[in-house]
Amino acid sequence: MKKQVLCLLFLSFFVASSYAQLRQNFYQNTCPNVESIVRSAVAKKFQQTFVTAPGTLRLFFHDCFVRGCDASIFLSNNLNAEKDHPDDQSLAGDGFDTVIQAKAALDSNPNCRNKVSCADILALATRDVVALTGGPSYKVELGRRDGRISTKASVQHKLPHADFNLDKLNTMFAAHGLSQTDMIALSGAHTLGFSHCGQFSRRIYSKAGIDKTLNRNYALQLRQMCPLKVDPRIAINMDPTTPRTFDNTYYKNLQQGMGLFSSDQILFTDQRSRPTVNLFASNNNAFNQAFVNAMTKLGRVGVLTGNQGEIRRDCNRVN
């Protein structure tokens, strides 16, 4: 037992000391304009396609939950990398491209060339897409290094699924030091973006009928958009009300039984999480503050700092 406690203490000290090396002004002497350069590149990409926003936000989450926030999601490995796992194959190419474009913009500045990690560019770009869609802008801690390892196997059982209940969600998020409130706030990212019919078809087509926690009128709309033999790649907005605005409507939808995934709707159905959903639904500022706090904590997960990892010259391959 003592050994386990010592191991846990050492692990928490190691994690804390890694993220303690992150700081907001990390690049002030090497690339002082890093934030404005990245912001400009992200805004340009966003003007080309709205998918930039949900694509980048989801990419950051998927990267941080597997091996930590180290941009390992970008690496290729003979079809055996993280992005080759089924849980990552639906990640939008525009999310990856947003970071590649921002990296190119940084590299065109002699002061910044190969000075900023791909992991930090992704963290900054994520903040920028949230702000561009009407969400809060917030300070981003910097100083992450890029990882050198990416394997398909490392993704297994590391990302939440559309059918998770509250206990499964809490257990997975707690493994990264994230509380239930953090988890509910991060779920609010589903205010943007889309899913595919196959992810929720069981809720609208099952022998038992329509999922009882699903708003019946909404379910019938979903059946129209996702008929039985539809192309499984057909995209459906996660937030049917304000799909292009980062706001608290996601939580208002949950109150109406309009969570697309059962892992969304469970946040309202389960009495333990419902008060937080109700708070965020009634108070957009409370949601924004909780989201910023949760994103800051998420951005510290498993980071490489100091001499660990590297600053990749090309985000898609190790140096």
Side-chain angles (χ1 to χ4, degrees), residues 15 18-28 30-43 45-46 52-75 82-83 88 91-92 94-107 112 114-133 135-147 150 176-178 182 185-186 188-189 192 246 288 291-306 308-312 315-316:
V15 170
S18 279
Y19 84 67
Q21 294 181 52
L22 299 180
R23 59 183 193 274
Q24 291 169 14
N25 61 355
F26 186 83
Y27 295 104
Q28 69 177 7
T30 51
C31 178
N33 298 328
V34 58
E35 299 214 20
S36 59
I37 294 171
V38 170
R39 189 179 295 116
S40 175
V42 172
K45 174 73 182 172
F46 180 71
T52 299
T56 304
L57 186 49
R58 188 161 176 249
L59 188 62
F60 181 64
F61 180 83
H62 279 236
D63 183 49
C64 291
F65 258 48
V66 180
R67 306 192 76 90
C69 310
D70 66 346
S72 52
I73 189 71
F74 284 82
L75 295 175
E82 287 175 31
K83 60 185 175 186
D88 282 335
L91 288 169
D94 286 305
F96 292 94
D97 190 54
T98 300
V99 174
I100 301 304
Q101 297 295 332
K103 165 87 168 137
L106 286 167
D107 285 350
C112 300
N114 299 325
K115 297 282 196 331
V116 184
S117 67
C118 301
D120 276 346
I121 296 170
L122 176 56
L124 287 168
T126 302
R127 182 268 311 274
D128 294 337
V129 297
V130 169
L132 281 165
T133 49
S137 189
Y138 52 93
K139 300 286 186 187
V140 176
E141 296 174 339
L142 301 167
R144 298 167 193 79
R145 307 264 293 178
D146 296 322
S150 182
H176 299 297
L178 297 161
D182 295 329
L186 291 171
L192 299 175
F246 190 98
N288 282 345
F291 182 79
V292 168
N293 183 52
M295 286 294 280
T296 302
K297 288 169 71 174
L298 176 62
R300 296 169 176 168
V301 170
V303 293
L304 303 173
T305 57
Q308 301 168 316
E310 63 186 15
I311 305 291
R312 268 183 233 147
C315 289
N316 296 317

From Leu142 CG over to Thr305 OG1, what is the distance, rounded to the nearest 0.5 angstrom?
13.0 Å
Could you tell me whether the side chain of Ser72 reaches within less than 4.5 Å of the side chain of Asp63, counting heavy atoms only?
yes
Evaluate side-chain contact (heavy atoms from CB on, under 4.5 Å) for Phe61 paired with Thr126, printing each intermediate quantity in order.
CA-CA 9 Å; Phe61 180 83; Thr126 302; over 6 Å; no
Report the C-alpha separation of Ile73 and Phe96 in whole Å, then their side-chain angles, then the decisive distance to 0.1 Å, and conclude whether the side-chain contact (heavy atoms from CB on, under 4.5 Å) test is met.
CA-CA 9 Å; Ile73 189 71; Phe96 292 94; 4.1 Å; yes
Can Leu22 and Arg144 be said to form a side-chain contact (heavy atoms from CB on, under 4.5 Å), step by step?
CA-CA 7 Å; Leu22 299 180; Arg144 298 167 193 79; 3.9 Å; yes
Should the ring pair Phe291 and Tyr138 be called parallel, tilted or perpendicular, given that the plane angle runs from 0 to 90° and is split at 30 and 60?
perpendicular
Using the six-membered ring of Phe74, assess whether NZ or CZ of Lys103 lies under 6.0 Å from its centre and within 45 degrees of the ring axis.
no
Quick one: pull up CZ in Arg39 and CG in Leu124 and give me the separation to the nearest 0.5 Å.
8.5 Å
In this structure, which one of Asp94, Asp128, Thr52, Thr56 forms a side-chain hydrogen bond (donor to acceptor under 3.5 Å, both in side chains) with Lys45?
Asp94
Just so I know, are the side chains of Met295 and Arg127 near enough to count as touching, which here means a heavy-atom distance under 4.5 Å?
no
Under a 4.5 Å cut-off applied to non-hydrogen side-chain atoms, are Asp146 and Asp70 in contact?
no
Mind running side-chain contact (heavy atoms from CB on, under 4.5 Å) on Phe65 and Leu298 for me, showing each step along the way?
CA-CA 8 Å; Phe65 258 48; Leu298 176 62; 3.7 Å; yes
